[in-house]
Amino acid sequence: MGVKLTLFCFFLLPATLWAGGYNLRFKVSERNFADSIAIEYEGGRVFVPVTIGGAQRRFLLDTGAAQTVVYDDTDLSHCPQVGTIRSTDALGAQAVVPMVALPPLRMGRLLFTGMQATVHQRPSQGQHIDGIVGFDIVCKGLSMKIDVAQRLLILTDRKKHFNAERAQTIEIPYQVLPFRHTPYVDVQPFQGYTEQVLFDTGSPYLYRMNKASFEQGLDSCLAQNPEQIEGTTTGSFLRGLHGQEASGQVTLLRLDRLQWGTFSFYELSTRTTQGLSHLGGPVLDYGSVVFLPHRKRLLFQPY
């Protein structure tokens, strides 16, 4: 627990949360459908091919984003502007950004019309994507399965489509918080301490713990095993869409176990952050995930 370092290491945290101006008035071209869409999976994140304006694009699938995002260095940023929105990123930084009306967007055989997108500066170089597909497709009422083992995204409006899979899954409730429009689940990083975290497929980190949440659970951590605290450092490790995390003390952790429902991640190395606690895309290395919006349940099927 005595290790102290000073580090400045920047890692992008792409999750984005929105407040105000949110709407689900877009339309889906089919009813009573189930469509399987080929995806890419790299670095703990899922990428989906979409077609807009006759051109194929590469979008990040980000459950930590409430709705579609496009970048200001792409032609999509020049779509008709429909207003502005106050955007809050996963570090809590806020900015007012423009919203545009997108042309029809196609994923697989499904055509989404009337979608709006927020326009952002590209947060980092080397990010080879044109935009982000957010959690609004689930909030619209579509069930969604992400299966990186099969490299498939399945979207359906059939409420019973995944019923046959429920016997082999761990069922976990999720919440969509007011003015957030993104999914939150409970985890237990220490015995006797439970926290609510963002389920954020846009993050390349399996788990990051908010600093204040860690301090709240510190007694539980020490009672369980004080050696879970490997040391402290000072630095700034994450970058949100609106800026860099302020430099501060960071605690380095090696958790005996992170409990999620009845599933456990063992010997998990992580660190605290000033941003939101979250489970990230690398969860998908361990199993497929199904969102059931009509039941506010997440089905986790370990591989």
Side-chain angles (χ1 to χ4, degrees), residues 18 21-40 46-70 76 79-80 82 99-118 130-169 171-178 180-183 199 201-202 284 288-301:
W18 313 101
Y22 181 79
N23 77 77
L24 296 172
R25 292 190 294 271
F26 59 89
K27 297 180 180 180
V28 185
S29 59
E30 297 188 24
R31 291 185 178 180
N32 191 27
F33 68 85
D35 192 22
S36 297
I37 302 164
I39 57 175
E40 300 174 63
V46 174
F47 302 92
V48 183
V50 305
T51 301
I52 308 178
Q56 183 165 307
R57 326 270 180 159
R58 187 177 190 242
F59 274 41
L60 174 70
L61 179 63
D62 185 356
T63 59
Q67 57 192 124
T68 307
V69 174
V70 298
L76 297 175
C79 293
V82 292
M99 293 187 67
V100 296
L102 293 178
L105 181 153
R106 184 176 295 279
M107 281 195 295
R109 70 170 190 262
L110 302 176
L111 192 66
F112 297 81
T113 56
M115 293 190 92
Q116 297 180 352
T118 54
D130 300 296
I132 293 171
V133 173
F135 198 64
D136 53 346
I137 58 176
V138 176
C139 289
K140 180 73 171 177
L142 302 186
S143 296
M144 177 173 75
K145 180 176 182 178
I146 310 171
D147 186 343
V148 302
Q150 301 296 324
R151 296 297 193 268
L152 285 178
L153 172 71
I154 300 175
L155 296 176
T156 179
D157 62 349
R158 300 170 185 162
K159 293 181 179 180
K160 299 181 179 180
H161 185 79
F162 295 109
N163 278 6
E165 301 184 24
R166 289 177 59 186
Q168 295 81 38
T169 61
E171 188 166 320
I172 299 170
Y174 73 86
Q175 283 187 284
V176 178
L177 300 183
R180 295 292 190 181
H181 312 294
T182 46
F199 189 81
T201 60
L284 299 168
S288 63
V289 169
V290 179
F291 287 97
L292 301 176
H294 59 289
R295 300 184 63 241
K296 292 293 190 296
R297 290 292 188 271
L298 182 154
L299 305 180
F300 180 63
Q301 185 173 16

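Sequence positions, counted from 1, serve as the residue numbers for this chain.
- When atom types are taken as modelled, the side chain of R57 and the backbone of I52 share a donor-acceptor pair closer than 3.5 angstrom.
- In this structure the side chain of N32 reaches within 4.5 angstrom of the side chain of R158, judged on heavy atoms.
- You'll find the ring centres of F291 and F199 inside the 6.0 Å limit.
- For Q168, there are no side chain to side chain donor-acceptor pair (under 3.5 Å) partners, not counting sequence neighbours.
- Side chains of R297 and P173 form a contact here, defined as non-hydrogen atoms less than 4.5 Å apart.
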**OP:** Go through H181 and Q67 one step at a time and tell me if the side-chain contact (heavy atoms from CB on, under 4.5 Å) criterion holds.
**Re:** CA-CA 9 Å; H181 312 294; Q67 57 192 124; over 6 Å; no
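- Summarising the geometry of C139 relative to L24, their closest heavy-atom pair is O-CD1, 3.5 Å, with the distance given to 0.1 Å.
- Side-chain atoms of D62 never come within 3.5 Å of backbone atoms of G134 as a donor-acceptor pair (strictly under, hydrogens ignored).
- For the side-chain contact (heavy atoms from CB on, under 4.5 Å) with I146, the lone residue among V48, L153, I154 that qualifies is L153.
- When side chains are defined from C-beta on, M144 counts as touching T63, because their heavy atoms get closer than 4.5 Å.
- Two residues are said to be in side-chain contact when any heavy atoms from C-beta on lie closer than 4.5 Å; M107 and F59 fail this criterion.
- Side-chain atoms of T156 do not come within 3.5 Å of backbone N or O of S143 as any donor-acceptor pair.
- Atom OG1 of T68 sits about 3.5 Å away from atom CE of M115, to the nearest 0.5 Å.
- Residues V50 and F112 form no side-chain contact, since every pair of their non-hydrogen atoms from C-beta on lies 4.5 Å or further apart.
- Atoms CG and CG, from L76 and D130 in turn, are 7.0 Å apart once rounded to the nearest 0.5 Å.
- For V176 against F135, the heavy-atom pair with the smallest separation is CG2-CE2, 4.1 Å.
- By the 4.5 Å heavy-atom criterion applied to side chains, V70 and L102 are counted as neighbours.
- Among all heavy-atom pairs drawn from S36 and L152, the shortest one is CB-CD2, 4.2 Å.
- Residues P293 and Y174 are in side-chain contact: their nearest non-hydrogen atoms beyond the backbone lie under 4.5 Å apart.
- Considering only heavy atoms from C-beta on, T201 stays 4.5 Å or farther from V46 through its side chain.
- In this structure, CG in L298 is found 8.0 Å from CG in L292, a value given to the nearest 0.5 Å.
- The two residues A101 and V82 have their closest heavy-atom pair at CB-CG1, 3.8 Å.
- For the salt bridge (Lys or Arg N to Asp or Glu O under 4.0 Å) condition, the pairs that include at least one residue of residues 135-157, sequence neighbours left out, are K145-E165.
- Annotation: the span from H161 atom NE2 to L142 atom CG amounts to 12.0 Å, rounded to 0.5 Å.
- Put simply, CG on L105 and CG on L110 are 10.5 Å apart, with the number rounded to the nearest 0.5 Å.
- The two residues Q56 and P49 make their nearest non-hydrogen contact at NE2-CB, 3.8 Å.
- Atoms CZ and CD, from R25 and Q116 in turn, are 6.5 Å apart once rounded to the nearest 0.5 Å.
- Applying the side chain to side chain donor-acceptor pair (under 3.5 Å) criterion to R106, with sequence neighbours excluded, gives no partner residue.
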